[in-house]
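Written out below as structure tokens is the structure these notes cover.
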Amino acid sequence: MKTKIINTLEMTGLSWMVPVVRLSTGENPREQLSEIMTVIGLPLLAIAAFLFLWAGAASQVKTSLGELPGPSQVWEQTQGLYEEHVAEREKEEAFYERQEERNAKKLAINPDAEIKVREYTGRDTFFDQIWTSLGTVFTGFLIGALIAIPIGVACGLSDKLYGAISPLVQIFKPVSPLAWLPIVTMVVSAVYISDDPMFEKSFITSAITVTLCSLWPTLINTAVAVASIDKDLINVGRVIRLHWVTQVFKIAIPASLPMIFTGLRISLGIGWMVLIAAEMLAQNPGLGKFVWDEFQNGSSDSLGRIMVAVLAIGLIGFLLDWLMLTLQKVLSHDKNAGR
Amino acid sequence: MSVVQMMKTEPSVDETKVTKEEDFQPTFLDLTGVSIEFPTKKGAFKALDNVNLKIAKGEFISIIGHSGCGKSTVLNIVAGLYKATTGGVILNGKEVDEPGPDRAVVFQNHSLLPWLTCYQNVEIAVKAIFKKKKTKREMKEWIEHNLHLVHMDHAMHKYPAEISGGMKQRVGIARALAMEPTVLLMDEPFGALDALTRAHLQDSVMEIQSDLNNTVIMITHDVDEAVLLSDKIVMMTNGPAASVGEILKVELERPRNRLELANDPQYNKYRAEVLKFLYERQRRPQE
């Protein structure tokens with residue numbers, strides 16, 4: 001039982017919990033306590049020191065919107081944002097309730113009456129924006145992966161193909177998302193025309209921008225991984241005369257999975273950074289827009305709220321990376337990845 | 001006049017004492033005039049030059065030589081992984097021109113797929129080869145039978161990373177045996193193992209060989225291993241453009257026991273002959 005828990009914790013990157021588990025089962029308390037001090041105590045100490053420095057330094061900086069917010073102001077704003085979110089949800093519920101009541105009354109008077117169901121159009125709260133951003137980044141990232149992995153595998157298998165598209169990759173890889181954005185926006189407005197669009201145009205624009213920037217690390221890593229598979233593993237496939245498709249799926253891809261995942265992790269990280277910038281510039285809904293709106297708003301709370309967003313962006317980026325790493329450990333044979 | 005008779009009457013080209021009687025056995029695997037060149041930046045590199053080798057069914061052949069002499073290249077040509085520039089290989093009347101399970105290879109570094117268990121590593125080969133010939137149940141029994149042969153049935157559901165180097169090599173051998181090869185090719189199969197594990201595996205191979213009577217070509221750089229396991233030892237000259245130097249026939253009773261053989265004068269004579277070839281006649285220039 002204990003080893004099982006410990007293995008799961010190590011698998012999911014929560015190895016700092018291990019000494020706590022060991023301690024709770026009474027395993028050599030002294031050693032475990034000192035272990036806890038190093039894996040939990042030291043990081044906590046560093047965070048405390050950072051908060052202290054931040055609080056001290058922030059009060060020294062005077063801006064036109066007041067003092068730079070310290071940790072306590074940011075915490076207040078976090079609570080404020082949460083309350084706003086709850087209030088907005090209540091409003092929404094109330095709106096739908098009223099609408100239903102109204103419609104029910106209308107139907108009671110005249111069963112044939114035309115009833116209208118309207119969507120609630122309140123403003124997006126901070127938490128709505130987070131969900132929008134997450135949805136966008138995953139969509140863009142998945143499209144990118146679906147394009148990059150097959151092309152990468154093909155490039156890894158054929159030197160000639162890799163040689164052919166390599167210059168294109170090298171040229172497009174360093175392009176900033178902000179340069180892509182106007183083109184993507186124009187193309188999406190021109191091509192994506194429908195009376196009843198399934199997705200918002202802004203969503204498509206942001207997602208495609210993310211795709212264009214997060215494509216390259218996965219593509220390059222996949223190509224290199226497939227090209228550098230141990231020759232003997234390929235020979236095993238040749239000796240048992242596997243069909244080349246089987247060879248790709250049973251040998252080439254599993255063998256390169258650790259490196260493909262490293263590429264995917266980098267891609268998702270880049271995608272997340274790119275998305276925030278794209279949202280800011282294009283006013284597409286999401287965390288980037290939230291930051292921009294608060295900046296334009298210019299109230300005394302704005303800086304605090306932006307700081308909340310900054311921390312949230314960092315935290316979510318960290319969680320995304322953790323998610324990919326855990327996925328990698330579960331799916332690929334390289335259980336020691338990322339250490 | 002049959003081919004066999006013809007060979008008998010013809011004087012052997014190589015006048016060493018060992019090549020005379022072997023012509024009595026029908027040739028099963030025939031390497032004729034095999035040469036290979038690899039393109040390099042400085043032009044073509046000739047690794048093998050005119051390698052001729054005739055192997056009978058059920059024979060255990062060792063190929064020995066200094067490192068870099070092209071031993072593995074010979075094996076890879078027989079396996080079909082490399083193509084000879086000139087000359088060719090005929091197995092059982094058919095020319096070898098591509099890799100295939102009839103010439104199963106045991107690779108030097110085991111080459112197990114790390115994301116599959118030992119069982120699955122054998123299974124991937126069995127499934128590919130006996131797709132329509134065996135039922136699911138027969139395949140399972142066949143996989144387990146082969147893992148049992150190499151004494152790995154206790155750990156068959158473990159991953160390669162969880163077992164020792166010797167055990168990995170056992171699974172590699174099981175995978176090769178499961179292909180029911182007409183020729184088993186082993187490329188320094190025990191080279192990366194410690195002495196005790198190696199001795200253990202050599203005994204296992206001898207045991208399996210006495211059961212199945214496979215035709216085996218083994219690459220080695222270990223003189224004792226060659227004498228202990230082989231019916232014939234093929235000694236190769238130094239590269240580049242390496243060729244077959246001498247062939248030594250080992251006529252020791254089977255089953256062979258390494259302890260008893262340690263003091264056997266005949267065994268030591270064979271051993272001395274191989275050593276002489278390697279360290280006197282084929283001494284490397286820089287040594």
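Every chain is numbered from 1 and lettered A, B, ... according to where its sequence line falls, protein lines coming before strand lines. Scope of the values below: all heavy atoms of this structure, side chains included, with no hydrogens, waters or symmetry mates.
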Over 12 foreign heavy atoms within 6.0 Å of [atom1], [X]:
X       : atom1 : result
F28(B)  : CZ    : yes
F249(A) : CZ    : no
H151(B) : NE2   : yes
F38(B)  : CZ    : yes
E31(A)  : CD    : no

**OP:** Sequence neighbours left out, what pairs pass salt bridge (Lys or Arg N to Asp or Glu O under 4.0 Å) with at least one residue falling in residues 147-175 of chain B?
**Re:** none
Subject >> Contact check, side chains of R103(B) and V239(A), non-hydrogen atoms, under 4.5 Å >> reply: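 Side-chain contact under 4.5 Å: no.
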Original post:
Is any side-chain heavy atom of K127(B) closer than 4.5 Å to a side-chain heavy atom of I240(A)?
Top reply: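 Side chain of K127(B) against side chain of I240(A), heavy atoms only: no contact under 4.5 Å found.
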**OP:** Could you grab the distance from atom CG of D232(A) to atom CG of L113(B), nearest 0.5 Å is fine?
**Re:**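 If I round to the nearest 0.5 Å, the distance is 11.0 Å.
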Original post:
For the atom pair CG (L81(B)) and CD1 (I234(A)), what is the distance rounded to the nearest 0.5 Å?
Top reply: 11.5 Å
Original post:
Does any heavy atom of chain A fall under 4.5 Å from the side chain of L116(B), the backbone, both, or neither of them?
Top reply: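 Neither part, no heavy atoms under 4.5 Å.
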Original post:
What part of A125(B) lies closer than 4.5 angstrom to a heavy atom of chain A: side chain, backbone, both or neither?
Top reply: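 Looking at A125(B), backbone and side chain both touch chain A.
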Original post:
Would you say R241(A)'s side chain and P99(B)'s backbone share a donor-acceptor pair under 3.5 angstrom?
Top reply: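 Judged by distance alone, yes, a pair lies under 3.5 Å.
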Original post:
Using non-hydrogen atoms only, which part of I251(A) is less than 4.5 Å away from chain B: side chain, backbone, both, or neither?
Top reply: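 Both backbone and side chain.
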**OP:** Give, as side chain, backbone, both or neither, the part of N235(A) having an atom under 4.5 angstrom from any heavy atom of chain B.
**Re:** both
Subject >> P254(A) versus W115(B), closest heavy-atom pair with distance >> reply: CB-CE2, 3.1 Å
For residues 146-159 of chain A, run the donor-acceptor check on the side chains, cut-off 3.5 Å, and write out each pair with its distance to 0.1 Å, sequence neighbours left out.
residue : atom : partner : partner atom : Å
S158(A) : OG   : K160(A) : N            : 3.4
S158(A) : OG   : L161(A) : N            : 3.0

